[in-house]
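Side chains are part of it too, since the values below use all heavy atoms of this structure and drop only hydrogens, waters and symmetry mates. Sequential numbering from 1 along the given sequence is applied to the chain's residues.
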Amino acid sequence: MTKSTEFYTKRAAELSFRNDCWIDGRFVPAVSGQRFDTLNPATAAVLTRVARGDAEDVDRAVVSGRAAFASGVWAGMTPAERKAVLLRWAQLLRDNLEELALLDTLDVGKPISDTLTIDVPGAAAILQWHAEAIDKLYDEIAPTGGRDLAMVRRVPLGVVGVVVPWNFPLDLAIWKIVPALAVGNSVVLKPAEQSPLSALRLAELASEAGLPDGVLNVVPGFGHEAGQALGLHPDVDCLAFTGSTEIGKLFQGYAGDSNMKPVWLETGGKSPCLVFPDADLDAAAEKAAWGIFFNQGQVCSANSRLLVHESIAQDMIERVKAKAEALVPGDPLDPSTRLGPMASAEHAERVVGFIAAGRESGRLVTGGGQLSRGASKAYIQPTIFADVPHDALIAREEIFGPVLVVQTFRDEAEAVTLANDTPYGLAASIWTQDLTRALSISDMLNVGTVSINTVDALSPMTPFGGMKQSGFGRDLSLHSFDKYSALKTVWIKY
């Protein structure tokens, strides 16, 4: 039975927010004593004041993580023992479904219908999948021959730094910290300053599940303070980041300026959705709208460019327009809401700037408005532009909002050229009934994931990541463990 807006509003008012750093198995204020406001973008109200971690707090967290790693309290466990803890943690996520869903809904405006059915269940499933996998990874014996035994062992790195964005606060934290923990590392997590609340509760639940003190530490704070400190710290052995390409490049620089730690990046995207005349246009329109408007367009792999064969362009535009106009931004605590506010007022203003640029370079098909609800001005109408030149700002830059750019092509060669003419390479979709065409074009697209007759296909079983300036390294699947482990050869002569 679906619960009401009134139920979730009352439940939200009863929440107790964790708002300190989580270091060495307990909540502690920042060394400086400073705090910052975390706001509800749906109302512009202050939810709580959170510890403003900086370099001193990051150092405390790294020292705690290093001590835990060196002690072997976690790294020294068998994979099966670590699995048991991680599985208990996954169950605790499910047991605390409503609380975790409400934390992300309040922090960044995600519709409660999504956080309850997608974000939290997805995070628990991914946690469980990686937990189940860790005692099924085998080391190797090299075929050296003679009286030699060369063992190739997978070993943890030590202390892993993780910096995640605000668009999927709980999910993306899980994507990175769980494979790192599963192979035996300690982790220091820096959540986005816009969305620290679920990460802090997540750490507390990990402790409840049996994760030893110091193995997971969480330092909320600002990117230029806590994030930079984590990137520059000489005792962090590896860093994983999801966010903008601009900030990803900074982390590469931090690694070069410190200890040459490997930096794994999942950064920007401007993903194309290619639609050919033989496609199921009803299904293509449904998924094209979902691919750009889900999560208010705040998805790194959002299909923000709709590339349509010129013979069906107007038909396709009308179909997607109808889907867009059926989406009305509303209260994220209302279970019927499918489109909430942007994650912050500042980000909403950024998206409004792109829409203004779009009005100058293309034809506005629908939307384009900034809406207010009470004191909040963070709501943006689903927006579609057509007749957009390929060199226009809205066709080139990642907007990270509910803004779709429609362009046309004449043949397969032009479709591929348009799709690849971007600095990004995260994802793409192809819509056609011709399997040969679909597979041939998929070979020519320089992206990490190609979805055929669907959009943004994703599973814990398949790797996710980009090419070009969308980053490198892969989250999810067995390949995710590669980022957080090293191969050590042990050679015995006998």
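- Between Trp290 and Phe294, the two ring planes are parallel [angle under 30°; tilted spans 30° to 60°].
- When all heavy atoms are compared, the tightest approach of His390 to Ala395 is O-CB, 3.7 Å.
- Note on Glu397 versus Lys270: no salt bridge recorded, every NZ/NE/NH1/NH2 to OD/OE distance being 4.0 Å or above.
- Using modelled atom types, no side-chain atom of Ser376 and backbone atom of Arg373 make a donor-acceptor pair closer than 3.5 Å.
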Practice task
Could you walk me through whether Leu172 and Asn167 pass side-chain contact (heavy atoms from CB on, under 4.5 Å), step by step?
Solution key: CA-CA 9 Å; Leu172 292 180; Asn167 57 328; 3.6 Å; yes
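- Judged purely by atom type and a 3.5 angstrom limit, Thr462 uses its side chain to pair as donor or acceptor with the backbone of Ser459.
- For the pair Pro332/Ile112, no side-chain contact is recorded, criterion being any heavy-atom separation below 4.5 Å from C-beta on.
- The cationic group of Arg474 does not satisfy the cation-pi geometry with Phe464, failing either the under 6.0 Å distance to the six-membered ring centre or the 45° limit from the ring axis.
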Exercise for the section: Please assess Asp456 against Lys287 for the test salt bridge (charged side-chain N to carboxylate O under 4.0 Å, His left out), listing each intermediate value before the final yes or no. Expected result: CA-CA 9 Å; Asp456 225 3; Lys287 286 292 189 178; over 6 Å; no
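- Side chain of Lys261 to main chain of Gly231: a donor-acceptor pair is present (N/O by atom type, distance under 3.5 Å, no hydrogens or angles).
- Looking only at side-chain heavy atoms (C-beta outward), Val236 and Leu230 come within less than 4.5 Å of each other.
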Practice task
Decide yes or no on side-chain contact (heavy atoms from CB on, under 4.5 Å) for Leu100 and Leu205, but give the supporting numbers first.
Solution key: CA-CA 11 Å; Leu100 292 168; Leu205 291 174; 4.1 Å; yes
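- A donor-acceptor pair under 3.5 Å is absent between the side-chain atoms of Ser258 and the main chain of Pro234, judged by distance alone.
- Judged by distance alone, the side chains of Lys483 and Ser480 never bring a donor and an acceptor atom under 3.5 Å apart.
- To the nearest 0.5 angstrom, Lys176 atom NZ is 13.5 Å from Leu181 atom CG.
- Put simply, the side chain of Ile430 reaches to within 4.5 Å of the side chain of Leu445, judged on heavy atoms.
- Annotation: side chain of Trp89 is in contact with side chain of Val178 (closest heavy-atom distance under 4.5 Å).
- Side-chain atoms of Arg396 and Thr422 include no donor-acceptor pair closer than 3.5 Å.
- Within a 6.0 Å radius of CZ in Arg363, more than 12 heavy atoms belonging to other residues, nucleotides or ligands are found.
- In terms of heavy-atom proximity, Gly269 sits nearest to Ser470 at CA-OG, 4.1 Å.
- At least one side-chain heavy atom of Leu426 sits under 4.5 Å from a side-chain heavy atom of Glu266.
- Taking CG from Leu102 and CG from Leu197, the interatomic distance works out to 11.5 Å, rounded to the nearest 0.5 Å.
- No donor-acceptor pair under 3.5 Å is formed between the side chain of Ser451 and the backbone N or O of Thr454.
- Salt-bridge formation is detected for the pair Asp482/Arg154: a Lys NZ or Arg NE/NH1/NH2 atom is positioned less than 4.0 Å from an Asp or Glu carboxylate oxygen.
- With salt bridges taken as basic N to acidic carboxylate O contacts below 4.0 Å, none links Asp135 and Arg82.
- Distance check, rounded to the nearest 0.5 Å: OG1 of Thr115 to CG of Leu103 gives 9.5 Å.
- Nearest approach of Asn185 to Leu157, heavy atoms of both residues: OD1-N, 2.7 Å.
- Here the closest non-hydrogen pair linking Ala133 and Leu478 is CB-CD2, 3.9 Å.
- Residues Gln128 and Arg94 bring a donor and an acceptor atom of their side chains to less than 3.5 Å of each other.
- The local environment of NZ in Lys468 is crowded, with over 12 non-hydrogen atoms from other residues, nucleotides or ligands closer than 6.0 Å.
- Under 3.5 Å, the side chains of Ser195 and Asp104 contain no donor-acceptor pair of N or O atoms.
- If you check the side chains of Asp331 and Thr337, you find no donor sitting under 3.5 Å from an acceptor.
- Considering CD of Glu286 and CG of Leu281, their distance stands at 13.0 Å, rounded to 0.5 Å.
- Within the 4.5 Å cutoff, side-chain heavy atoms of Ile384 are placed close to those of Val320.
- Phe36 and Pro196 make their closest contact through CZ-CG, 4.5 Å (heavy atoms, listed as atom of the first residue, atom of the second, distance).
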Practice task
In sequence, state the C-alpha distance, the side-chain angles, and the governing distance for Leu93 and Leu202, and then conclude on side-chain contact (heavy atoms from CB on, under 4.5 Å).
Solution key: CA-CA 8 Å; Leu93 265 62; Leu202 183 66; 3.7 Å; yes
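- Counting heavy atoms from C-beta outward, Met151 and Asp139 have side chains that stay 4.5 Å or more apart.
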Problem - Intermediate values then yes/no, side-chain contact (heavy atoms from CB on, under 4.5 Å), His309 and Val275 - result: CA-CA 6 Å; His309 190 273; Val275 184; over 6 Å; no
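- Proximity of a side-chain donor or acceptor of Gln298 to a complementary backbone N or O of Ala343 within less than 3.5 Å is detected.
- Within the 3.5 Å criterion, the main-chain N or O of Ser336 finds a donor-acceptor partner in the side chain of Asp334.
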Handout entry: Intermediate values then yes/no, side-chain hydrogen bond (donor to acceptor under 3.5 Å, both in side chains), Gln370 and Gln381
Key = CA-CA 6 Å; Gln370 181 179 17; Gln381 290 178 313; over 6 Å; no
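- Thr366 and Glu325 are linked by a side-chain donor-acceptor pair at a separation below 3.5 angstrom, with hydrogens and angles left out of the test.
- Taking the six-membered ring where tryptophan is involved, the planes of Phe251 and Phe241 are tilted, since the angle between them lies from 30° to 60°.
- Residues Asp280 and Trp431 share a closest heavy-atom pair of O-CE3, 4.5 Å.
- Ion pairing of Lys110 with Asp119 is present here, as a side-chain N (NZ or NE/NH1/NH2) and a carboxylate O approach within less than 4.0 Å.
- Going from atom CG of Asn217 over to atom OG of Ser186 covers 7.5 Å, rounded to the nearest 0.5 Å.
- Counting only distance, with no hydrogens or angles, the side chain of Thr383 and the backbone of Gly368 share a donor-acceptor pair below 3.5 Å.
- When atom types are taken as modelled, the side chain of Asp237 and the backbone of Val159 share a donor-acceptor pair closer than 3.5 angstrom.
- The line from CG of Asn40 to CG of Asp107 is 8.5 Å long, rounded to the nearest 0.5 Å.
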Practice task
Starting from the C-alpha separation in whole Å, work towards a yes-or-no answer on side-chain hydrogen bond (donor to acceptor under 3.5 Å, both in side chains) for Ser113 and Arg338.
Solution key: CA-CA 7 Å; Ser113 58; Arg338 292 294 174 267; 3.0 Å; yes
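- With a 4.5 Å cut-off on side-chain heavy atoms, Ser304 and Val403 do not count as touching.
- Remark: side-chain polar atoms of His130 are not paired, donor with acceptor, to backbone N or O of Pro460 under 3.5 angstrom.
- Between Phe354 and Phe400, a ring centre-to-centre spacing not shorter than 6.0 Å is recorded.
- A donor and an acceptor atom, one from each side chain of Asp434 and Thr432, are nowhere located under 3.5 Å apart.
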